[in-house]
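Encoded as structure tokens, the structure appears first; notes follow it.
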Number of protein chains: 2
Amino acid sequence: MAITPEGRSAPTLRDVAEVAGVSFKTVSNVLNDHPQVREATRVKVLAAVEQVGYRPNLAARNLRLGRSGVIGLAVPELSQAFFAQLADEVIRIAAEQDLVVLVEQTGGERERELEALRNPRLSLTDGLLLAPLGLTHEDLAPDAAGRPLVVLGEPLFPGPVDHVTMQHEAAARAATAHLLALGRRRVVLLGAHAAEDTGVAALRYAGYRAALADAGLPVDDGLVVPIETWDRQRGAEAMGRVLDAGVRMDAVFAMNDDLALGALRSLQERGLAVPRDVALVGFDDVADGRYTFPSLTTVEPGRHDIARIAVTMLRERIDDRPRGDLGPRVVAPDFRLVVRESTGAEVRARRA
Amino acid sequence: MAITPEGRSAPTLRDVAEVAGVSFKTVSNVLNDHPQVREATRVKVLAAVEQVGYRPNLAARNLRLGRSGVIGLAVPELSQAFFAQLADEVIRIAAEQDLVVLVEQTGGERERELEALRNPRLSLTDGLLLAPLGLTHEDLAPDAAGRPLVVLGEPLFPGPVDHVTMQHEAAARAATAHLLALGRRRVVLLGAHAAEDTGVAALRYAGYRAALADAGLPVDDGLVVPIETWDRQRGAEAMGRVLDAGVRMDAVFAMNDDLALGALRSLQERGLAVPRDVALVGFDDVADGRYTFPSLTTVEPGRHDIARIAVTMLRERIDDRPRGDLGPRVVAPDFRLVVRESTGAEVRARRA
DNA sequence: TTGAAAGCGGTACCAC
DNA sequence: GTGGTACCGCTTTCAA
């Protein structure tokens with residue numbers, strides 16, 4: 001075993017070979033399950049491996065193979081429950097496929113998302129799953145990443161790259177329709193984005209309008225509340241402003257759960273009962289909404305499928321890299337409207 | 001530029017050298033900011049780098065350097081807000097130090113935590129941050145990881161390895177004392193662990209008892225509620241059982257925020273007012289507690305410091321590896337009791 | 001069935 | 001200042 005001045009260095013294939021009394025190539029054959037190795041040698045080698053405590057050097061293997069078994073996942077931030085849960089799923093599914101995940105945070109800023117695409121620190125990954133907020137589809141134009149890429153969430157069509165997205169519009173429409181079906185007529189929309197015509201906000205807004213149209217109702221601009229950053233604080237503040245302004249309403253559709261939970265607080269803070277006075281629906285099905293009181297009706301966007309499909313697609317890209325004959329694909333898994341107490345599902349308030 | 005049968009392969013140092021008309025070693029010198037390079041060559045080389053679109057191959061560099069710039073982070077799961085926020089901080093701080101983070105999930109199971117220690121898939125990391133739930137300190141005994149290791153959260157003393165932990169006992173004591181200072185006398189403790197004498201639960205329990213003792217109050221075993229897994233559902237169920245059993249109480253100290261938020265729901269579901277009827281304190285300062293209604297009083301365990309110290313310690317271990325003269329260290333940053341509405345801070349309910 | 005030798009793409013020591 | 005050369009540890013033809 002090689003001893004360096006700095007101390008004991010890790011045993012290598014050669015060390016194992018020496019102990020086993022074979023060539024180091026044979027050791028490699030054994031470890032890689034090559035078909036032709038006599039059982040006797042195999043046993044002998046494995047014993048030697050055990051004895052010297054051999055651990056393969058992945059850096060060397062990666063260099064040789066040109067693949068690392070690592071994929072990158074770039075999300076705005078893990079503090080946002082949706083992305084944390086997405087990362088959870090991705091890591092879990094990747095692990096099933098013997099992939100390991102390097103997580104990067106972009107803050108949702110375009111600059112850093114671009115950097116994630118090019119970042120040399122990430123170049124040891126075989127491919128990248130990117131959940132962008134600030135990117136436009138021009139940014140992705142010509143193989144921007146220099147390696148396999150799958151975009152999550154944002155439907156930056158017509159993209160030259162694979163997308164795993166959501167049925168933003170259809171789901172928003174279903175959510176709004178659910179409120180209308182309860183007889184609500186003045187549905188506040190929380191989270192519109194001003195100058196955006198193709199992003200997530202625009203699509204969900206379109207779904208909202210479609211549902212109103214289906215019901216023969218006009219869009220009341222006074223009910224459409226723009227909020228750029230979809231977090232709880234903004235949700236609470238915006239809801240507060242709307243309420244304090246005396247806007248009449250009987251329902252709220254928030255573009256994500258964080259906004260919805262912020263809004264819920266503001267509603268309750270002002271003594272309004274949910275869902276009696278105001279029914280509330282969110283989007284994302286983040287865990288926090290399940291044990292609030294009332295629990296939150298929301299859209300489950302198919303997070304599990306998104307993660308599974310994304311990892312699978314990326315892996316196909318990685319394997320296909322040499323040939324490159326896969327066209328860009330866009331997939332949006334089925335969503336599910338999860339009806340809970342905030343729109344009247346079995347509210348079980350006792351006493352009171 | 002090397003062309004393989006499979007297509008264009010990435011340009012290497014040699015390709016750059018050829019274009020620049022220098023030896024590939026010179027290119028390496030330029031890229032590594034070696035002191036002695038003439039400005040002219042440097043410019044020439046950089047132009048060539050640009051021209052051929054050279055991107056360094058990290059696998060090769062890692063092999064040569066024996067370091068990858070990647071650290072591992074193993075947590076139970078990112079779906080738990082506390083760990084997601086911890087991961088957020090760790091990734092952020094690591095990025096500041098030009099480290100990148102590979103995230104692994106253990107489910108909090110001892111087997112998988114052990115696997116994370118040994119996992120060859122992780123062997124391309126320079127070191128590991130491990131947040132264990134199931135490990136005992138014997139598991140960590142003799143350099144179990146085979147590489148630098150820092151343990152987060154659990155104080156598995158007397159550990160032979162670095163720990164960054166929390167002031168579990170002192171913080172729990174402060175939290176309980178806060179409730180007692182409000183005049184509450186029957187404080188339910190949510191989340192005790194049965195057969196555990198040294199883990200997090202035991203330490204927080206000790207803090208709870210200490211605060212009671214400080215106030216000259218006895219421990220009422222009827223108020224100590226065991227819950228093994230600290231999630232919202234369990235918190236809600238346990239709280240529900242206690243309430244339905246008619247146990248008298250005027251406060252709850254939950255061992256973490258998830259339990260507290262679950263409990264909050266059960267309290268409200270039964271028409272009890274928080275904090276009027278029951279005051280509530282959690283532990284962790286997870287983001288979800290800030291915009292519930294009422295917002296949640298909790299312990300901020302110094303998460304930011306924990307992340308920063310952990311990354312720094314790990315980095316020291318990595319750099320020190322050859323010498324190995326650092327003794328194991330244990331650090332527990334300052335905590336902070338964050339008083340919010342669930343213990344009566346400026347409840348601003350309007351109307352109602 | 002086993003072994004020798006040639007790299008994978010860099011870095012670093014040490015001449016020139 | 002610049003460049004030769006060895007080598008990090010492993011995989012993979014190709015011989016033996």
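Just so it is clear: chains get the letters A, B, ... in the order the sequence lines come, proteins before strands, and each one is counted from 1.
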**Fill in**
Side-chain contact check for B:Arg14: nearest option of D:dC10, C:dG10, C:dT2 is C:dG10
Could I get a table of every N or O pair under 3.5 Å where one atom is in the protein and the other is in nucleotides 12-16 of chain C?
from, atom 1, to, atom 2, distance (Å)
C:dA12, N7, B:Lys25, NZ, 3.0

**Request:** Return the value, rounded to whole Å, for the distance between atom CG of A:Leu58 and atom C1' of D:dC10.
**Result:** 11 Å
**Message:** Taking the side chain as everything from C-beta on, heavy atoms only, tell me whether B:Glu96 gets closer than 4.5 Å to B:Arg308.
**Reply:** yes
**Whole-Å gap separating C1' (D:dT12) and CZ (A:Arg61)** = 14 Å
**Prompt:** Rounded to whole angstroms, how far apart are CG on A:Leu31 and P on D:dT12?
**Reply:** 13 Å
**Asked** In whole angstrom, what separates A:Leu63's CG from C:dT11's P?
**Response** 12 Å
**Request:** Would you mind reporting whether A:Asp139 and A:Leu114 have side-chain heavy atoms less than 4.5 Å apart?
**Result:** yes
**Asked** Just wondering, do B:Leu130 and B:Leu135 contact through their side chains at under 4.5 Å, heavy atoms?
**Response** yes
**Asked** OP1 or OP2 of C:dT1 less than 4.0 angstrom from a side-chain nitrogen or oxygen of A:Arg38, does that happen here?
**Response** no
**Request:** For A:Arg67 and D:dC10, give me the distance from atom CZ to atom C1', rounded to whole Å.
**Result:** 15 Å
**Item:** For A:Asp88, salt bridge (charged side-chain N to carboxylate O under 4.0 Å, His left out) partners two or more places apart
**Value:** A:Arg92
**Length of the line joining B:Arg55:CZ and C:dG10:P, which is rounded to integer Å** = 12 Å
**Asked** What do you reckon, is CD of A:Glu109 surrounded by more than 12 foreign heavy atoms closer than 6.0 Å?
**Response** yes
**Prompt:** Hey, is the side chain of A:Thr41 poking within less than 4.0 Å of OP1 or OP2 on C:dT2, counting only N and O atoms?
**Reply:** yes
**Prompt:** Mind checking whether B:Leu63 and A:Asn57 have side chains closer than 4.5 Å, heavy atoms only?
**Reply:** yes
**Request:** Name the residue closer to the 5' end of DNA chain D, choosing between B:Arg42 and A:Ala59 according to the nucleotide with the nearest heavy atom.
**Result:** B:Arg42
**Asked** Do the side chains of B:Phe24 and B:Glu18 get nearer than 4.5 Å, heavy atoms only?
**Response** no
**Message:** I want to verify a distance call: between D:dT2, C:dT2, C:dG9, whose nearest atom is closest to the B:Ala60 side chain?
**Reply:** C:dG9
**Request:** Let me know the distance between CD of A:Glu18 and C1' of D:dG9, rounded to the nearest Å.
**Result:** 15 Å
**Asked** For the pair made of CG in B:Leu13 and P in C:dG7, what is the distance, rounded to whole Å?
**Response** 18 Å
**Request:** Return the nearest nucleotide to the side chain of B:Ser23; candidates are D:dG4, D:dG1, C:dG10.
**Result:** D:dG4
